[in-house]
Amino acid sequence: VSVQAQICESCGALYFPRRLRCARCQASNFGVTEVSDGTIESVTTIRQRGSNQDVRIGLIVAKPELRLLARLDRKCEPGEHVRLDQEKSGAIVGY
Amino acid sequence: MNFERAVIAGAIEVPYRRKPEGITTMALLGEAFAALLDDAGLSADRIDGLAVSSFTLKPDHAIDVAWRLGLSPRWIMEDTNGGASGINMLQHALRAVQCGDATAVAILAADHVLDTTLLDLNNNYNTVVRDHLAPLPFGGPNGLFSFVTQAQMRRERLDALDYARLCIAQREWATLNPNAVYRSPLTVEDYLDAPPVAPPLGRFDCAPNVSGADAVLVTREQLAPPRRVRIRALQALHNYDQHLGDGLETGLRSIADKLWRSAGLSPEHMDLACVYDDYPAMVLAQLHDLGLIGEMSMKAFIADRIATRRTPINTSGGQLSAGQAGAAGGMHGLVEAVAQLLDRGGARQVPDARYAVVSGYGMMEYRYCLCANAVVLEGLA
């Protein structure tokens, strides 16, 4: 139950989505690090085209330098702490 | 290197329309080309360079456009940079003409985007969007720019009324533009009561999707009509922050000093500004990065300069009122600025307009857009 982020083996910078080279030090060797939670910075509600179903999405600060976009499957507000998971679809979910 | 010997010899817009039937992107490019030749008074056989930008041209490419138009270009390019494509193509075309690879380059952009096409375009914009945002689902760029707007509201202490003022001012310009798709005056109540799209963004914070085309002609100085537009400076910087920031700045922030220095002008000299307006927050971000807001707060600039229209900004009504024709939106501000500098602004003409700055911004990645560029123009009578 977590999100797999990329960690630069040279300088430790974290990335999601994946990069080919580190944006900070240009190294190209990365490992995988598990990110399991974060704090909600902002929330919005999207009305899907052709559907009446609203979707809540949030901008999540998972680490100071790692912001993730997640679907929020419960009503939550900025400042709240959420656990994070990644679905098979690729979507990150906060709950 | 300056831009001598190459000028903008013409600029046109094929009027934007909402959901037209019986039309194709290729046909819009053809209309744009014909109008551009008319505008510059050149025959098609003088065109030896072609640049094209479109999201909906596939499976065709620029060369297929050349074939349909009956052109044999010595220089050809296709641009994929959306809201930054117009100035990017201009940058390349100017150098091609200066260096002699071409003498007259037609820069064309068009899109005919249906609602069904739009969803597909948004969800397959690039692999990051396809793999990580579309599955959320994310609601297209509206969702991303809701977050950028919220961050700007917090940092600049802005509220809904500030964004309303910006949108209302652009609508006031649009009431003077017969080709804008939204022309009726917008009130604060209209703005605040509009259906939510991705709060705080409502309907009037999002550019209406339209079909249309824009075109610019770049030629050697000798081929251009007496009334032409000269490039004083052009700068670009893409992926400037490696997508590690909050999206509140653009690459323009890093290039503004060099832009003004090489233009030999400053923001105070500008008679108008056309900045890429996919969302009101990005209008403010670009004006700030370009130095037009200066020492004022964003809030004060909105109240004193934008709402009063004392600083003419997005005088066509911008995409927020005139419409967003896909990749042609990347040329909309450029075409408007050229029209103003050639005294062809009609009822919305800025008196004695001589200098304009135009900026491009586009190509969403994970949280905001990557591309930015700007050009300083001078009208020559």
Side-chain angles (χ1 to χ4, degrees), chain A residues 3-6 8 11 13-26 35 40-73 77-79 84-95, chain B residues 114-123 126-155 195-203 205-206 209 239-248 279 281 364-368 370:
Chain A
V3 176
Q4 295 201 329
Q6 230 181 354
C8 173
C11 76
L14 297 174
Y15 297 103
F16 185 94
R18 284 169 176 262
R19 310 246 182 160
L20 294 171
R21 297 172 73 90
C22 178
R24 290 183 173 84
C25 76
Q26 277 289 311
V35 176
I40 301 174
E41 182 176 293
S42 299
V43 175
T44 193
T45 304
I46 309 284
R47 177 147 293 184
Q48 286 180 268
R49 215 169 254 272
S51 155
N52 286 330
Q53 203 185 342
D54 289 344
V55 178
R56 285 172 73 79
I57 58 172
L59 179 63
I60 315 293
V61 181
K63 303 279 180 190
E65 75 280 26
L66 186 68
R67 284 187 170 90
L68 302 172
L69 292 166
R71 189 176 72 240
L72 300 173
D73 282 352
E77 302 297 332
L84 299 171
D85 194 7
Q86 191 168 9
E87 293 179 336
K88 281 202 176 64
S89 69
I92 297 176
V93 184
Y95 59 95
Chain B
L114 303 166
D115 282 350
T116 47
T117 328
L118 185 64
L119 188 64
D120 184 61
L121 268 178
N122 280 338
N123 284 343
N126 52 37
T127 55
V128 163
V129 169
R130 183 194 65 196
D131 296 347
H132 301 296
L133 298 181
L136 287 174
F138 78 126
N142 298 333
L144 306 189
F145 283 93
S146 163
F147 295 138
V148 174
T149 303
Q150 290 181 55
Q152 187 180 65
M153 291 172 85
R154 287 192 296 265
R155 194 177 79 177
V197 174
L201 302 182
R203 176 174 292 166
D205 296 300
C206 305
N209 177 33
N239 191 31
Y240 92 106
D241 69 349
Q242 307 280 354
H243 217 61
L244 300 172
D246 50 19
L248 294 184
Y279 299 95
M364 62 175 160
E365 195 66 41
Y366 187 57
R367 293 183 288 110
Y368 50 91
L370 299 177

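The model shown is predicted, which means the values in this text are computed figures rather than measured ones. What's counted below: heavy atoms across the whole structure, side chains too, no hydrogens, waters or symmetry copies.
In this structure, the portion of B:Leu144 lying under 4.5 Å from any heavy atom of chain A is its side chain and not its backbone. Contact of A:Ile92 with chain B is made through backbone and side chain together, with heavy-atom distances under 4.5 Å. At a 4.5 Å heavy-atom cutoff, A:Ala13 makes no contact with chain B through either its backbone or its side chain. Contacts between A:Val43 and chain B at a heavy-atom distance below 4.5 Å involve the backbone alone (N, CA, C, O). If you measure heavy-atom distances from B:Arg130 to chain A, you find no contacts under 4.5 Å at all. In this structure, chain B has a heavy atom under 4.5 Å from the side chain of A:Tyr15, while its backbone stays farther away.
We find the CG-CZ distance between B:Leu244 and A:Arg24 to be 4.5 Å, quoted to the nearest 0.5 Å. One distance of note links CD of B:Gln150 with OG1 of A:Thr44; it measures 6.0 Å at 0.5 Å rounding. Distance CG/A:Leu68 to OH/B:Tyr366: 5.0 Å, rounded to 0.5 Å. Considering CG of A:Leu69 and CZ of B:Arg367, their distance stands at 7.5 Å, rounded to 0.5 Å.
Contact of the B:Arg154 side chain with the A:Ser42 side chain is registered, since non-hydrogen atoms from C-beta on lie closer than 4.5 Å. In this structure, A:Arg67 and B:Phe147 have side chains that are not in contact, with every pair of non-hydrogen atoms separated by 4.5 Å or more.
Between A:Ile57 and B:Pro137, the shortest heavy-atom distance links the atoms CG2-O, 3.8 Å. The heavy-atom pair separating A:Ile46 from B:Gly143 by the smallest distance is CD1-CA, 3.6 Å.
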Audit row: A:Arg19, B:His243, side-chain contact (heavy atoms from CB on, under 4.5 Å) steps and yes/no: CA-CA 11 Å; A:Arg19 310 246 182 160; B:His243 217 61; 3.8 Å; yes

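The choice from A:Pro17, A:Ser89, A:Ala23 that makes the most heavy-atom pairs within less than 4.5 Å of chain B is A:Pro17. Note: B:Asp131 leads B:Thr127, B:Asn239, B:Asp131 in heavy-atom pairs under 4.5 Å with chain A. With chain A as the partner, the residue from B:Pro200, B:Pro199, B:Gly139 showing the most heavy-atom pairs under 4.5 Å is B:Pro199. Among the candidates A:Arg18, A:Glu87, A:Glu41, the residue making the largest number of heavy-atom pairs closer than 4.5 Å to chain B is A:Glu41.
Counting non-hydrogen atoms of neighbouring residues, nucleotides and ligands closer than 6.0 angstrom, the CZ atom of A:Arg21 exceeds 12 such neighbours.
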